[in-house]
Q: 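To start, I am sharing the structure in question, which I have written as structure tokens.
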Amino acid sequence: MSSAPFQDPNPYQSPAAASTASATSWATAIVIEHLTATRPWVLFISIVGFVVAGLMVFGGLLFGVFMVVSGGASPVEGAIAIFYPFFGLLYFFPSLYMLRYARRIRELSLSHQVADLEAALAAQKSFWRFCGIALAIILALYGVLLGLGAIAGIIAALAN
């Protein structure tokens, strides 16, 4: 598919009219084609993320109920019952951001407007920002746990 050429701005046009014109001009066909080609994968990953999130929340709650009914739980089992629903909720948000991104791509493919391209890229930015923040938190937790493990190992070695 060929892209439509961008037109040079009108040198006699006021700056206000130029900014309005750029907001309503359409995105190139190649940009739309590439984004539209990724949409089924984005949607698929989003749906799988929602299913995994639901299974984690349901599994954690079911495990917790099973522990209560069976009459006792070890600390590890209690942690599983607490953390599985928590991690399920964490899976929910990137899936939601990806679903929004897929919807914005669909709107772009129908309208060919730069404003819809900007909305799609903003939705994608939200997804990556969430992933980056989550990764930073996980790396910090790994560092803390590694430090605590090292301290516990040193204390255990000194105690013997």
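Just so it is clear, the structure is predicted and the values come from calculations on it, not from any experiment. Residue numbers count from 1 along this sequence.
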Q: Got a sec: does the OH of Y84 have more than 12 other heavy atoms crowding it under 6.0 Å?
A: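 12 or below, so no.
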Q: If you measure from OG on S111 to CZ on R106, what distance do you get to the nearest 0.5 Å?
A: 11.5 Å
Q: As an exercise, state the distance from CE of M98 to CD1 of I105, rounded to the nearest 0.5 Å.
A: 9.0 Å
Q: Applying the 4.5 Å side-chain criterion to the ILVMFWY set and letting contacts propagate, would W128 and L96 be lumped into a single cluster?
A: yes
Q: Taking all non-hydrogen atoms of both residues into account, name the closest pair between R104 and A123 and its distance.
A: CG-CB, 4.1 Å
Q: Quick one: are R100 and Y97 in side-chain contact, heavy atoms under 4.5 Å?
A: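 R100 vs Y97: side chains touch.
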Q: Looking at CD of E107 and CD of Q113, how far apart are the two atoms once the value is rounded to the nearest 0.5 Å?
A: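 Answer rounded to 0.5 Å: 12.0 Å.
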Q: Got F66 and L62 here, is their nearest side-chain heavy-atom distance under 4.5 Å?
A: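 No, every pair of side-chain atoms sits at 4.5 Å or beyond.
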Q: Is any side-chain heavy atom of L158 less than 4.5 Å from a side-chain heavy atom of I155?
A: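 L158 vs I155: side chains apart.
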Q: So, taking the atom named OG in S109 and the one named CG in L117, what distance separates them when rounded to the nearest 0.5 Å?
A: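 S109 atom OG to L117 atom CG measures 12.0 Å (nearest 0.5 Å).
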Q: Less than 3.5 Å apart, which donor and acceptor atoms pair up between the side chains of residues 35-59 and the rest of the protein, not counting sequence neighbours?
A:
residue: T36; atom: OG1; partner: I32; partner atom: O; Å: 2.6
residue: T38; atom: OG1; partner: L35; partner atom: O; Å: 2.7
residue: R39; atom: NE; partner: A102; partner atom: O; Å: 3.0
residue: S46; atom: OG; partner: S95; partner atom: O; Å: 2.8
residue: S46; atom: OG; partner: L99; partner atom: N; Å: 3.4

Q: Got a second to check how far L121's CG is from L108's CG, nearest 0.5 Å?
A: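 Rounded to the nearest 0.5 Å, the CG-CG separation comes to 8.5 Å.
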Q: Could you check F86 against L90 for side chain to side chain contact (heavy atoms under 4.5 Å, CB included), going step by step and ending with a plain yes or no?
A: CA-CA 6 Å; F86 174 73; L90 285 180; 3.7 Å; yes
Q: Any chance CZ of F63 has more than 12 other-residue heavy atoms, nucleotides or ligands included, within less than 6.0 Å?
A: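 For F63, atom CZ is crowded (more than 12 foreign heavy atoms under 6.0 Å).
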Q: Any chance you could pull the hydrophobic cluster mates of I137, using side-chain heavy atoms under 4.5 angstrom and chaining through other members?
A: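 Taking Ile, Leu, Val, Met, Phe, Trp and Tyr as members, I137 shares its hydrophobic cluster with I133, L141.
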Q: List, by chain and number, the other hydrophobic cluster members for I82, where Ile, Leu, Val, Met, Phe, Trp and Tyr join if side-chain heavy atoms come within less than 4.5 Å, directly or indirectly.
A: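 Direct or chained contacts put I82 with none.
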